[in-house]
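Taking it in order: structure first as structure tokens, then the write-up.
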Amino acid sequence: MKTRRTEGFRQATCCVIGCGPAGAMLGLMLAREGVDVLVLEKHADFLRDFRGDTIHPSTMEIMDELGLAEGLLDLEHTKAPRIEARLPGGTVTVADLSRLKTRYPYITFMPQWDFLDYVTREAKRYPNFRLEMQAEAKVLILEDGIVRGVRYETPEGPCEARALLTVAADGRSSPFREQAGLKMVRTSPPIDVLWFRLSRRDGDPKDTFGYAGGGRFMVVINRGEYWQIAYVIRKGEYQSVRDDGLTAFRKSVGDTIPDLADRTGELQDWDAVKLLSVQADRLRRWHKPGLLCIGDAAHAMSPVGGVGINLAIADAVAAANALAGPLGAGRVRSRDLAAVQLRRELPTRAIQAIQSVAQRRVVSSALGPDGAPSIPAPARALLSLRLVRDLPARIIAFGIWPEHVKRREPLARE
Ligand SMILES: Cc1cc2nc3c(=O)[nH]c(=O)nc-3n(C[C@H](O)[C@H](O)[C@H](O)COP(=O)(O)OP(=O)(O)OC[C@H]3O[C@@H](n4cnc5c(N)ncnc54)[C@H](O)[C@@H]3O)c2cc1C
């Protein structure tokens, strides 16, 4: 089936709703395998601050398999080979990726818009890839219980895209799950995160750190010219943090991160502070005939470990590996869609369980009244064993079940 375009009507083999990490990568990979793919993105560009900007070794290996790692690393980025925590009792290495056996033993920090610009630029080199910006999907086209495409809005007016398969990759608030009657399992993570940035100056430390003390926990990420800071609060505490005022907020940042106390005045108003309401959920069933959900649309992840973008991309790879053949053959069965869920659900649930334990520990320890987190003696003893010591780094780097690009003959690019 060729992508057909007439006024207000499109036809494609696969229509992907949303061009975030999951949708962009799926679009690229399907196009590379000769599938006619139409990606709809509601925004005019990819410029969104404080999104998943952490590219882990699992994703770098995928980019390498696609022949795109070098080009990606030509873009401006920073690397974090280690994650360390500065606790009142001293500095602890939480994860040392530099010891892992991979060509990319570090977390790559890059604005998500640069990553998406790069992936879509590469995808557009395939004649069968089509991306429509300012195209906001609204309603699934359902016929006899089968999803046949989606109706969407553009600045020129309403449109309809018909496809053999529609993929909802439109993030954590996807309305298409409900439209399709897919049920969610919701959990209530006990934390929210406030994101903001402060300048980096000569003589600042280089690494990415977690800081804890005085009942506060913050993660400080080196982004080259600035520090990106995650200020963790208890769920629902945002209003009281605001009521205490900006001066108290700046003081608490300076008290917890003494290295940056000299520049908290850069926070001039609350517009500089963005609230991430932490959400963790997953669909019971990721698909129905004609529809598949992937990425945050299938499972919103907590920001713990910065894995969201990497899991979304792993879903895209699993979906492309499993579905390029059936899409090419013009027939996608329920069991093809179920195979994607089967492959991705367990690793996702395992990571959500680990995040849940980590969040509870942050709340009971770092955000507790004494605010003096420490690593218990038995855990310290375990961490001195090499195999155990490398486990957090391995999980952060590769998750539970890393995906790899199936080696097929890709289509020639233009
Ligand atoms: C503030 C914040 C900080 C985060 N920090 C991290 C981090 O450090 N590391 C990490 O790994 N993860 C982080 N995450 C999570 C990470 O951003 C997501 O897990 C990841 O982006 C999920 O990718 P996705 O493609 O599934 O969905 P999204 O990135 O949400 O992409 C969905 C896309 O669909 C588009 N869209 C939505 N609705 C429609 C529609 N109706 N029609 C057309 N297009 C539509 C959206 O504009 C968007 O481009 C963070 C998230 C937030 C909100």
Side-chain angles (χ1 to χ4, degrees), residues 1-32 35-49 51-52 111-143 146-180 182 287-288 290-298 309 312-313 315-316 319-320 323 327 332 414:
M1 206 188 299
K2 287 271 170 229
T3 305
R4 192 150 66 79
R5 183 181 176 147
T6 53
E7 222 38 66
F9 181 77
R10 316 273 186 274
Q11 195 160 27
T13 306
C14 181
C15 173
V16 181
I17 305 171
C19 196
M25 286 296 283
L26 179 63
L28 165 75
M29 288 187 63
L30 289 179
R32 179 176 174 272
V35 176
D36 288 300
V37 54
L38 170 67
V39 182
L40 304 175
E41 168 54 50
K42 72 175 174 184
H43 288 108
D45 55 39
F46 298 122
L47 286 175
R48 284 181 285 296
D49 227 349
R51 301 303 315 270
Q112 197 183 99
W113 61 82
D114 284 345
F115 177 80
L116 294 175
D117 272 336
Y118 176 69
V119 170
T120 50
R121 214 170 36 241
E122 289 298 323
K124 283 177 193 161
R125 295 169 67 175
Y126 296 100
N128 47 320
F129 175 87
R130 184 176 174 80
L131 170 63
E132 272 194 59
M133 302 299 286
Q134 292 183 281
E136 182 168 4
K138 293 286 188 190
V139 187
L140 294 175
I141 302 170
L142 268 157
E143 289 170 1
I146 300 172
V147 176
R148 303 283 187 193
V150 69
R151 297 201 172 84
Y152 62 102
E153 295 289 338
T154 72
E156 289 80 41
C159 262
E160 180 175 305
R162 289 203 164 239
L164 180 61
L165 177 68
T166 302
V167 178
D170 54 327
R172 47 169 54 200
S173 310
S174 174
F176 305 108
R177 303 169 297 195
E178 204 180 324
Q179 288 183 24
L182 300 175
H287 58 94
K288 76 176 279 160
L291 178 76
L292 174 69
C293 299
I294 61 168
D296 274 17
I309 173 172
I313 289 171
D315 287 358
L323 301 175
L327 283 165
V332 179
E414 278 188 335

Sorted by chain and residue number, the salt bridge (charged side-chain N to carboxylate O under 4.0 Å, His left out) partners of Arg151 (sequence neighbours excluded) come out as Glu160
Could you tell me whether the side chain of [Y] reaches within less than 4.5 Å of the side chain of [X], counting heavy atoms only?
{"X": "Gln134", "Y": "Tyr152", "value": "no"}
{"X": "Lys288", "Y": "Leu142", "value": "yes"}
{"X": "Phe176", "Y": "Val167", "value": "no"}
{"X": "Leu116", "Y": "Tyr118", "value": "no"}

Salt-bridge test for Glu132 and Arg10: reply yes if a basic N is under 4.0 Å from a carboxylate O, no otherwise. yes
Quick check: closest heavy atoms across [X] and [Y], and the distance to 0.1 Å?
{"X": "Ala169", "Y": "Val16", "result": "CB-CG1, 4.1 Å"}
{"X": "Lys138", "Y": "Val150", "result": "N-CG2, 4.3 Å"}
{"X": "Ala123", "Y": "Phe129", "result": "O-CB, 3.3 Å"}
{"X": "Glu41", "Y": "Cys19", "result": "OE1-N, 2.9 Å"}
{"X": "Gln179", "Y": "Val139", "result": "OE1-CA, 3.4 Å"}
{"X": "Leu291", "Y": "Ala168", "result": "CD1-N, 4.3 Å"}

Decide side-chain contact (heavy atoms from CB on, under 4.5 Å) for His287 and Val147; before the verdict, give the C-alpha distance in whole Å, the side-chain angles of both, and the deciding distance to 0.1 Å. CA-CA 10 Å; His287 58 94; Val147 176; over 6 Å; no
A quick test of your reading: do over 12 heavy atoms of other residues, nucleotides or ligands sit less than 6.0 Å from CD of Glu178? no
Sequence-distant partners of Ala316, side chain to side chain contact (heavy atoms under 4.5 Å, CB included), two or more places apart: Met25, Leu26, Ile294
Is the backbone of Ser174 close enough, under 3.5 Å, to the side chain of Arg177 for a donor and an acceptor to pair up by distance? yes
Do you know which of Asp36, Thr13, Leu327 makes side chain to side chain contact (heavy atoms under 4.5 Å, CB included) with Leu30? Leu327
